Amino acid sequence: MTISVAVSGASGYAGGEVLRILAAHPEVEIGAITAHSQAGQRLGSIAPHLHALADRVLVDTTVENLAGHDVVFLALPHGASAAVAAALPENTLVIDAGADHRLESAAAWEKFYGSEHAGFWPYGLPELPGQRQKLAGTKRVAVPGCYPTGAQLALAPGFAAGLLEADDVVIISASGTSGAGKSLKPHLLGSEAMGSMSTYGVGGSHRHIPEMEQGFSKLAGEEVTVSFTPTLAPMPRGILTTATAKVKPGVTAAQLREAWTEAYAHELFVHLLPEGQWPTTGAVLGSNHVQLQLAFDTHANRVIATAALDNLTKGTAGAAVQSMNIALGLEENTGLLMQGVAP
Ligand SMILES: NC(=O)c1ccc[n+]([C@@H]2O[C@H](COP(=O)([O-])OP(=O)(O)OC[C@H]3O[C@@H](n4cnc5c(N)ncnc54)[C@H](OP(=O)(O)O)[C@@H]3O)[C@@H](O)[C@H]2O)c1
């Protein structure tokens, strides 16, 4: 079976990473690749690392160009994918790397995004309890945000096992600059971002907050509130998340470790490291793997969980392809057997 696939936003970072993975996927044939301002350009002039596709020409992101494929990946700015998705045939598998279909709550969407809610699709984080069943056979997938991927994987086992308090979750993440996309922004210029770290989206305003709260609340069975602060790190890729939450009375360090160990014991891409070894973004660069570690800070009565992932692979394109594999009934790691790149 050859699966025909179209990729929109192919001139951007997320779309380019989808293509990097799909170029090595044994079951896939890459059809239309689309762009916006860069339509008409040869892909090799924009993404010279994609050798196999260098002579392909980007076409306009229209429903006509995307329809007629078995699978369509949308890697468009948030707000741009809902209209395209709504016009695609119901039997096309549509995988949206943007935010448009991640939130169940229309009120949360309107508060954080300020536009009309487009609806909620099965959420492409199969490592969350019960999520694989929701992805199997689906024709629509909402790929998680990059920060919510790390944050949810870091604390999900504790909420699912009822070990954590819901009211005091604090998450600090450092992200590489590709997390902000490829369009030109002064604060992302090399001379601004290199050798310097900065905070942004401070004070409960970041759009990934409701997505984290949605995931944790479902697992905890009660409303979880999250304080989230992102920082920008001087590296092209990678996210290092430190997530902390208060531990319920009587919970022990052994119970915490057991919950995390059991949650990920059979996962191909999520790895709880041996005690004492801490995740690094360098170790997961270019791969679909996530490294985790936790400690029980008995002084503050908090669990400290850290997660390292590559924002463009497990944080976007890798999760998108992993979800495609599950939706189509392929082995979940098809095309994703990559190791990290070191040093
Ligand atoms: N970067 C990440 O780490 C990451 C992680 C998770 C999710 N995402 C999500 O993935 C999506 C793409 O992000 P990105 O980082 O790849 O951004 P990007 O590098 O800026 O790429 C944006 C892409 O969308 C196209 N585009 C721009 N305006 C458009 C419009 N009005 N209509 C249709 N296409 C348009 C661009 O085409 P031209 O270049 O031809 O103008 C480009 O191909 C976003 O929704 C983002 O939130 C990104």
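Ligands are counted one by one from 1 in listed order, and the atoms in each one are counted from 1 as well. What you see is a predicted model; the values in this text were computed from it and never measured.
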What protein heavy atom sits nearest [atom], and how far off is it?
atom                    : value
atom 13 (O) of ligand 1 : Ala14 CB, 4.1 Å
atom 45 (O) of ligand 1 : Leu76 O, 2.6 Å
atom 1 (N) of ligand 1  : Ser178 O, 2.9 Å
atom 38 (P) of ligand 1 : Ser11 OG, 3.2 Å
atom 23 (C) of ligand 1 : Ala75 O, 3.7 Å
atom 27 (C) of ligand 1 : Pro77 CG, 3.5 Å

Arg102, any N or O under 3.5 Å of ligand 1 N or O: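 No; every N/O pair is 3.5 Å or more apart.
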
Ligand 1 to Asn311 polar contact by distance, N or O atoms, under 3.5 Å: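 Between Asn311 and ligand 1 (N or O atoms, distance only) the closest approach is under 3.5 Å.
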
Sub-4.0 Å protein heavy atom near atom 6 (C) of ligand 1: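 Under the 4.0 Å cut-off, atom 6 (C) of ligand 1 does have protein heavy-atom neighbours.
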
Between His101 and Asp96, a side-chain donor and acceptor under 3.5 Å: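 His101 vs Asp96: donor-acceptor pair found between side chains.
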
Need the ligand 1 atom indices (1-based, order shown) with element for anything under 4.0 Å from a heavy-atom of [X].
X      : answer
Gly179 : 1 (N), 2 (C), 3 (O)
His78  : 45 (O)
Gly9   : 23 (C), 43 (O)

Stepwise side-chain contact (heavy atoms from CB on, under 4.5 Å) check, Val7 with Thr34: CA-CA 6 Å; Val7 178; Thr34 81; over 6 Å; no

Residue-ligand contact Ala97/ligand 1, heavy atom below 4.0 Å: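 The answer is yes: ligand 1 sits under 4.0 Å from a heavy atom of Ala97.
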
For ligand 1, the portion of Ser8 having any non-hydrogen atom under 4.0 Å away: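 Answer for Ser8: neither.
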
For His25 against Val321, the heavy-atom pair lying closest together: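 Scanning both residues completely, I find the closest heavy atoms to be CD2-CG1, 3.9 Å.
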
Heavy-atom closest pair, residues Asn311 and Ser178: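 For Asn311 versus Ser178, the nearest heavy atoms are ND2-OG, 3.0 Å.
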
